[in-house]
Amino acid sequence: LPNPNQRRHTVQQTLSRMRLIAASGAVERPQLADILSQLLPLAAQTDWWQEEDFPAPSGDERHARYLISQDADQTLALYLNVMRPGRRIAPHNHTTWATIAAVNGVEFNHLYQRLDDGSRSGVARLAAISTVAVQPGSGLALLPEDIHAVEIRGEQPIRHLHLYGRALEALTERICFDLDTDSYALMPVGVTTLPHCNLAAS
Ligand SMILES: [Fe+2]
C-alpha cells in the first residue's frame with residue numbers, strides 16, 4: 001500500500017522546487033520544461049495514485065478530479081485526473097501555464113493554433129497542429145494561451161497529474177472553442193474538484 005506520509009513529503013518537496021522555478025522570473029518554455037521534469041518523477045510513483053485513494057468515476061461519470069495540493073493564494077495547484085474512455089474536453093486555453101504527466105494510460109492531447117486575430121468577440125478560428133499521446137514516462141507543457149483538447153480512448157481509465165500556475169477555480173477568464181461554429185465562450189470549471197484529506201490538508 002502507498003505510504004501517505006512519504007507521498008505528502010515528496011509532493012511538498014517537489015512543489016517547493018517548482019515554486020523556486022516559477023518565482024525566478026517569467027515562466028516561458030524553458031522554465032516550464034524544468035517544472036515538467038520535476039512533475040514526471042511524481043507521476044512515475046504509480047502506486048501513490050491508485051484506486052484505493054483515488055477511485056475512478058463510476059456510473060455516467062467519466063471524469064474525477066482530485067485536489068492534491070493548492071497554495072493558499074491559489075497559485076500552484078496540483079490535481080490527479082482519473083478519466084474513463086469516451087471522456088472528451090473541448091479545445092480550451094488556461095490563462096496560466098499548465099503541465100501534464102502520465103501515471104497510467106494515454107491522454108490524447110490535440111493541439112491547436114488560433115488563426116484569427118481575436119478582434120471579433122465570440123469568434124475564433126482554430127487549426128489543428130498535432131496530437132500528442134501523453135503516456136507514462138512523458139508529459140506535456142502548455143503556456144497560458146496554448147490551446148489543447150483532451151480525449152480518452154481505449155478500454156481502461158487513465159490517471160494523469162495536472163499542475164497549473166493557478167487553481168482551476170480561480171481561472172475565470174479561460175475560454176473554450178467550438179470548432180464547428182468558429183466560436184468561443186467562457187469555459188466552466190467542469191467537474192467539481194474532490195478533496196483528498198491525506199494530501200490536501202498538509
Ligand atoms: Fe486543459
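Keep in mind that what you see is a predicted model, and the values were worked out from it rather than measured. One-based numbering, in listed order, for ligands and for the atoms of each.
- Side-chain contact check for Glu169 and Thr193: at least one donor-acceptor pair (N or O, by modelled atom type) lies under 3.5 Å.
- The N, O or S atom of His94 lying closest to the Fe ion (ligand 1) is NE2.
- The atom of His148 nearest to the Fe ion (ligand 1) is NE2, with the search restricted to N, O or S atoms.
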Quiz item: What do the steps show when you test Arg159 against Glu51 for salt bridge (Lys or Arg N to Asp or Glu O under 4.0 Å), and what is the final call?
Solution: CA-CA 10 Å; Arg159 296 170 181 274; Glu51 185 72 17; 2.6 Å; yes
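- Checking His162 against the Fe ion (ligand 1), every N/O/S atom stays at or beyond the 2.8 Å cut-off.
- Side chains of His110 and His148: a donor-acceptor N/O pair is absent below 3.5 angstrom, by distance only.
- Asp71 is listed as a side-chain neighbour of Arg19, based on a closest heavy-atom distance under 4.5 Å.
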